[in-house]
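Report on one structure; see the data block that follows.
Worth knowing before you read on, the calculation uses all heavy atoms, side chains too, and leaves out hydrogens, waters and symmetry mates. Just so it is clear: chains get the letters A, B, ... in the order the sequence lines come, proteins before strands, and each one is counted from 1. Since the model is a prediction, treat every value here as computed from it, not as a measurement.
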Amino acid sequence: MEIFVSIIIGALTMCAVYMILSKSLLRIIIGTSLFSHAAHLLVLTMSGLKTGAAPVLVDGVTDYTDPLPQALVLTAIVISFGVTAFFLVLAYRTYQELNTDNMEEMKGTESND
Amino acid sequence: MINLPVFPIVIPALAAIIMMFLPKNVRLQRGLALGSIFVTLLVSLFLVHTVSQEGILTLNLGNWPAPFSITLVSDMLSALLVTTSTLLTFFIIWFAVHYFSTAYEENYLYVAMMFLLVGVNGAFTTGDIFNLFVFFEVFLISSYVLIVLGGKGVQLRESIKYLLVNVLASALFVMAVAYLYGAVGTLSLADLAQKIPLVDNPNVISVIGVLFIIVFGLKGALVPLHYWLPGSYVVAPTPILALFGALLTKVGVYSILRTYTLLFDVNGTFLQTFLIVLAVLTIITGMVGAIAYNDVKLIIIYNIMIAVGVILYGIAINTQTSLEGALYYLIHDMMIKAVLFMLVGMMIGITRSGQLREMGGLITRFPLFGWTFFIAALSLAGIPPLSGFFGKLLIVQGGVGEGDLFGPILVLISSLFVLFSVIKIFLNGFWGEERRQYDGPLIPFTNRLLVPVCLLLAVAVAYGFGAELMHPYITQAIEPLTQPELYIDAVLKE
Amino acid sequence: MDMKPKSNKRVNDVILQTAAVIIFFIIIVFSIHLFFSGHYSPGGGFIGGLMTAAALVLLLLAFDSKTLANVLPFDYRRMTALGALIAVLTAMHSIFFDLPFFTHAYDKFNLPLLGEETLHTAIAFDLGVYFVVIGVTMTIIQTIGESE
């Protein structure tokens, strides 16, 4: 199971890098959120994908799932949710201001100022 | 008062939340921001005092036992840095009160500044690596808000790049944390320090170590991860630039200092060489940038890189002397960079231009302003007995003591370049003839703006003159870094 | 409640508007269920808040932001602040009992109608999170939506 998820993580990262390297701002944002998805999956996978019981509710459970990575992932998801939303707003404002979403035209060279 | 370590984080957070209810009441915003940060400053001074008396303070949030809880650890290092960053934020907000128009202030300016302080103080205080990530995000999100305030086209364009770099760095941070958790099975710094030597395959730890350098290097602008720094910092308004330049890169450096002394055994390994090479490259790139540009903001921004390189060199050498030097220099640089950014911003506000060739003769009209800049410039370059001197001296001593000659010589040469770059600003900007009639918007406020700057500079100068008095504190701050057992015992209380 | 389908210049979406009004309440009730079930089972403030925000967004899609502002006159920025305040104060309450920050208190209470139940301060913290999530989500969506 871990191997399978690792391959998915690799594929996600690959797509994310491809998207981030493109010129369109919207694709870049989708790329970053794919990249953080890959990171979140990695947290879950690195700690082992066990199908045990929940650890706290009942006494005497021996084969339980590690709850910490899930807490970490939830926190990381919340943060990346907020940042992605902010990024989208920023991209939209930038598009309004500069009339372009092409990163080629957003270089900090003198001709673009 | 077992909760003492949490106060420098909670007080600004609470004040910021209250300020969010009344964004249009600018007077209340200013008063609450300055008042609450002043209280935070007093609390953090008390924290320094308590730590110096009682040793490392720890607080297990939620009353769960360490290492399972989120631990806040106030050792002398974090207490000193918390105090410094609170002090800086106090003066920068004071400066911002006079600098910004109400339109800015009504747009959650102070709220974002306060949350930035929350994040920075939290990052300095936290005792586990995942919460380091969380506090990084707190101050990063505040910095995103601050950097787009104003919403000019150039600013938005550069913010996108800043955001993109930091989002990727955050994802890499999560990945590094995942690998670390997979390899060691814990995230508390003290517990990690205990368990990392027991890991079977030390190469895994080296890989994770390099991943952490990439993450923190992106925040701290180490070469070759520095490319985002000049572009995005130069578009930010002065007080925000001062806040970023003084605090944000330094948090990256602090994180390297903390993790590399506590978790990854650097002495004599590949990682040490790697860090030294990065430090040297960063210093050289910074030097080239600082003398190449004629834009006053850019000159100081490249000086950030020199400072980061010098501090990183001290960290990489990793002896008692060099670490003391690195900490001395870190605190000095935070204060003096804030002063310089504010002064440079005032120059731009007076002359309406950032280019040196369009300035000149400012000292005849603003003598106090000119001499303040002169002292700050000398202090940055490390002329004794001003504050930059002792840090560099100790770093050089540490490097020579380890038999490295190239590094110390480069650090000394970099001082010359720093001196050259800031004196270039002084000679072209303040000396000489007035090129034209200056009509910048800041002219009527010059004296009022100078008050916080001069006070902060006075603290920085006092820090230099009182270096001997600071020494016991610095030594105490370095102890847990050279002897990680102290830190581990304090947190896990075995 | 004035939620009669308004004449819309673009398209005639009677079905969406009629359905949205009914589905809105179903989603809200489910989100409150998620919020309370979060203590022991999957759910909680974040997910409940997101679901409530989704319900509000549905109204926003079916009608427009003016109608939504008339029906639910909330200032979502203040709601964010309120949520953050509740969360931080809940976390802070333990300071006054000289316990570590974030220590969570609970006890058994005999509630009317519900019988004996345990009450936790964690639920207050979650309520704060719930408000923050609704506030932030709606603020962002309004920021993008308003300028169109």
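Using a 4.5 Å cut-off between heavy atoms, C:Leu82 touches chain B through backbone and side chain atoms alike. B:Pro23 touches chain C through its side chain: at least one heavy atom from C-beta onward sits under 4.5 Å away, while N, CA, C and O do not. Contacts between B:Asn3 and chain C at a heavy-atom distance below 4.5 Å involve the side chain alone, from C-beta outward. Using a 4.5 Å cut-off between heavy atoms, B:Ile2 touches chain C through backbone and side chain atoms alike.
Below 30°, between 30° and 60°, or above 60°: for B:Phe136 and B:Phe139 the angle between ring planes is between 30° and 60°, a tilted geometry. Taking the six-membered ring where tryptophan is involved, the planes of B:Tyr162 and B:Tyr144 are perpendicular, since the angle between them exceeds 60° and thus also 30°.
Put simply, the side chain of B:Gln155 never gets that close to the backbone of B:Gly150: no donor and acceptor are under 3.5 Å apart. No donor-acceptor pair under 3.5 Å is formed between the side chain of B:Ser78 and the backbone N or O of B:Thr125.
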Exercise. Would C:Gln142 and C:Tyr76 satisfy side-chain hydrogen bond (donor to acceptor under 3.5 Å, both in side chains), going step by step from the backbone distance to the final call?
Worked result: CA-CA 9 Å; C:Gln142 281 183 341; C:Tyr76 291 104; 5.4 Å; no
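Note: C:Leu85 leads C:Asp75, C:Val88, C:Leu85 in heavy-atom pairs under 4.5 Å with chain B.
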